[in-house]
Amino acid sequence: MFQFDVDAAIFVGSVLLLLGIASSKLSARMGVPALVLFLLVGMLAGEEGIGRIRFDDYDAAHAIGTIALAVILFDGGLGTSVRAIRSAWKPALSLATVGVFITAGLTGLSASFILGLSPLEGMLLGSIVASTDASAVFSVLRTGGTTLPERLSATLEVESGSNDPMAIFMTIGCIEILTGKMEFGLDLLGLFAMQAIIGTASGLGIGFASVWVVNRVKLDAAGLYPVLVVACGLLSFGAAAVLEGSGFLAVYLAGCVLGNKRLAYQRGIRLFNDAGAWLAQIAMFVILGLLSYPSKLALVAPQGLLVAAVLVFVARPLAVFVSVPWFRFNWREMTLLAWVGLKGAVPITLAIFPLLAGIENAVLIFNVVFFIVVVSAVAQGWSLSLVADLLGLRLPKEPISPVTLEISSLQDVDAQALDFTVVPESRAAGHLVKDLALPAGAVISLIARGKQVIPPHGATRIEPGDHVLVVVRNEVAALVTQAFAERTELPLDLPSMTPFPLRPTATIGELQEMYGLQIDLPADVTLVEAIRSRAGAKRLMQGETVPLGPIALQATVVGANGAIEQVGMILLPDDPPEIAPSPSEEPAPAGPAEEPPPQD
């Protein structure tokens with residue numbers, strides 16, 4: 001009998017997993033967040049669905065949900081750049097604390113009135129649904145095809161990854177007071193401080209220690225490196241939780257540390273964790289869907305809609321407009337932040353806490369929370385692109401990320417291999433290899449066309465449908481990716497005062513074509529000619545830099561005879577520092593200049 005149960009569980013689990021994968025494909029076509037369809041799969045498989053599977057083990061659901069959330073948050077941290085954290089941590093922290101408290105208070109007040117709950121029970125419900133859910137935000141922003149301004153997107157992602165301690169603190173605090181185990185006062189503040197401090201220390205400490213271990217341990221099997229990294233992430237969660245801190249905050253911060261350091265087998269680690277996050281999302285939402293009963297959800301639908309309306313249209317907007325106007329967001333950006341208060345697995349998982357604690361109205365709270373999550377995911381997740389368009393905040397899609405092949409397992413090798421699929425709209429399509437204006441440190445090593453392998457030469461033409469393998473130094477990978485992007489995609493936006501080395505014979509037209517730049521010079525002017533025309537008739541010194549609109553060109557290597565042997569391109573920020581030629585010389589008018597003296 002035991003063997004039969006295990007076999008049946010494997011069969012049913014695999015079928016549900018396959019249905020979850022199929023629904024993720026369907027979600028992209030329908031524009032509905034994948035988590036909604038995962039929940040639907042679980043509900044259809046449940047006791048009141050066509051699957052007739054009875055599942056009411058809240059302890060098991062809580063355990064599965066906790067592990068899945070840890071994996072999702074860890075993967076989210078791996079994908080969060082230091083640049084995003086630096087630009088967004090202040091508004092994100094404000095939203096994760098003050099914003100969550102305001103959202104919980106207003107939602108809880110309305111819930112106690114609408115559902116007939118006590119004020120503390122209403123506050124418990126408000127606390128459960130107050131946080132923005134990481135799994136929902138990562139799913140919609142990273143895989144939903146909607147590109148938002150970088151700082152706005154970063155704020156949403158960092159907020160969703162860091163606001164769980166506040167929501168958990170408030171949820172546990174309300175439960176402790178309702179069950180008589182704690183009184184309102186300093187004990188609650190101590191609980192919050194402990195959650196945040198221990199979670200932060202555990203995440204950062206184990207994160208940095210994990211980088212040291214991964215880059216120094218010599219494992220016999222390359223496949224063990226991703227497993228080692230996941231184990232380190234889960235260790236940060238477990239250590240924080242055992243010490244009564246926030247495991248969710250710890251695992252997210254550990255992921256941020258590991259994701260921004262060079263690691264051995266880095267590409268394999270990222271792919272492994274991405275697959276794990278998808279598996280965790282499917283498993284978690286399907287399991288939570290199995291817990292629900294559509295008939296019970298229908299009974300609370302009128303009240304649930306009212307509470308959801310207060311949450312979406314009153315509580316979250318007010319929380320945003322109180323929390324972030326000090327951080328230079330305009331009204332359009334704050335409106336979008338207010339709308340993207342997505343709910344997901346965290347509220348449903350937290351809604352299990354009152355059931356486990358035996359709170360009087362726990363079943364009502366669980367059903368209303370489940371209903372609110374479905375409404376939020378459908379209404380807010382589905383309409384994100386539309387609202388971003390109406391507010392003028394949706395950006396053209398980013399360049400398609402190439403397939404990255406690891407050329408070495410050593411963390412100190414500063415290179416990678418990128419496999420680009422050339423589409424008809426690609427900037428590189430139809431150009432000769434020699435005309436691509438690729439930076440130094442990028443070499444096209446192979447072109448696969450149909451069943452043929454073509455060794456590339458300068459006169460080889462890149463055709464749509466080609467697979468182009470480019471070996472690049474890491475520092476110029478983003479520049480090379482832009483050269484193979486579609487013409488309709490975002491122009492180059494990589495401000496850097498570090499010169500990207502280019503061929504001196506590359507032309508202004510090639511730069512405009514490959515990188516979407518707008519430079520006020522004739523297309524046939526070479527980079528050397530551009531520098532000489534702007535620098536004037538004086539003898540050029542090595543390091544001479546001249547501005548050209550969105551970029552500056554630098555004579556990075558100048559020979560003894562004055563010939564420019566290497567040119568660097570500097571990508572200037574929106575408000576670039578003024579770079580001018582020497583005051584002793586007046587710049588010559590733009591245009592072709594005399595040929596440089598021949599090189600020795």
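Counting heavy atoms from C-beta on, the side chains of V433 and H457 never come closer than 4.5 Å. Side-chain contact between T481 and F420: present, with at least one pair of heavy atoms (C-beta onward) separated by less than 4.5 Å. Inter-residue side-chain proximity for Y252 and V158 is flagged as met; some heavy-atom pair is nearer than 4.5 Å. Side-chain atoms of V214 and V229, non-hydrogen and from C-beta on, do get closer than 4.5 Å to each other. Using a 4.5 Å cut-off on side-chain heavy atoms (C-beta onward), I551 and L548 make contact. Side-chain contact between V422 and E463 is absent, with no heavy-atom pair separated by less than 4.5 Å. Between T335 and F321 there is a side-chain heavy-atom pair separated by less than 4.5 Å. A 4.5 Å side-chain heavy-atom check between T155 and L337 finds at least one atom pair inside the cut-off.
For the side chain to side chain contact (heavy atoms under 4.5 Å, CB included) with L258, the qualifying choice from V211, L253, I269 is V211, the only one to do so.
In summary, the side chains of S81 and R86 do not present any donor paired with an acceptor at a separation below 3.5 Å, with no hydrogens or angles considered. Side-chain polar atoms of H431 and E513 form a donor-acceptor pair below 3.5 angstrom. Side chain to side chain, R262 and Q266 meet the donor-acceptor criterion of an N or O pair below 3.5 Å.
Of all heavy-atom pairs spanning L95 and S323, the tightest one is CD2-CB, 3.9 Å. The two atoms that bring L438 and F484 nearest to each other are CD2-CE1, 4.4 Å, heavy atoms only.
Remark: S202 OG to L249 CG distance equals 9.0 Å, nearest 0.5 Å. Considering CG of L511 and CG of L527, their distance stands at 5.0 Å, rounded to 0.5 Å.
Under the 4.0 Å criterion applied to side-chain N and carboxylate O atoms, E159 and K90 are not assigned as salt-bridge partners.
You'll find the ring centres of F248 and F237 inside the 6.0 Å limit.
Geometrically, R151 does not engage F327 in a cation-pi contact, judged by NZ or CZ lying under 6.0 Å from the ring centre and within 45° of the ring axis.
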side-chain contact (heavy atoms from CB on, under 4.5 Å) between V340 and V387, intermediate numbers included = CA-CA 10 Å; V340 192; V387 174; over 6 Å; no
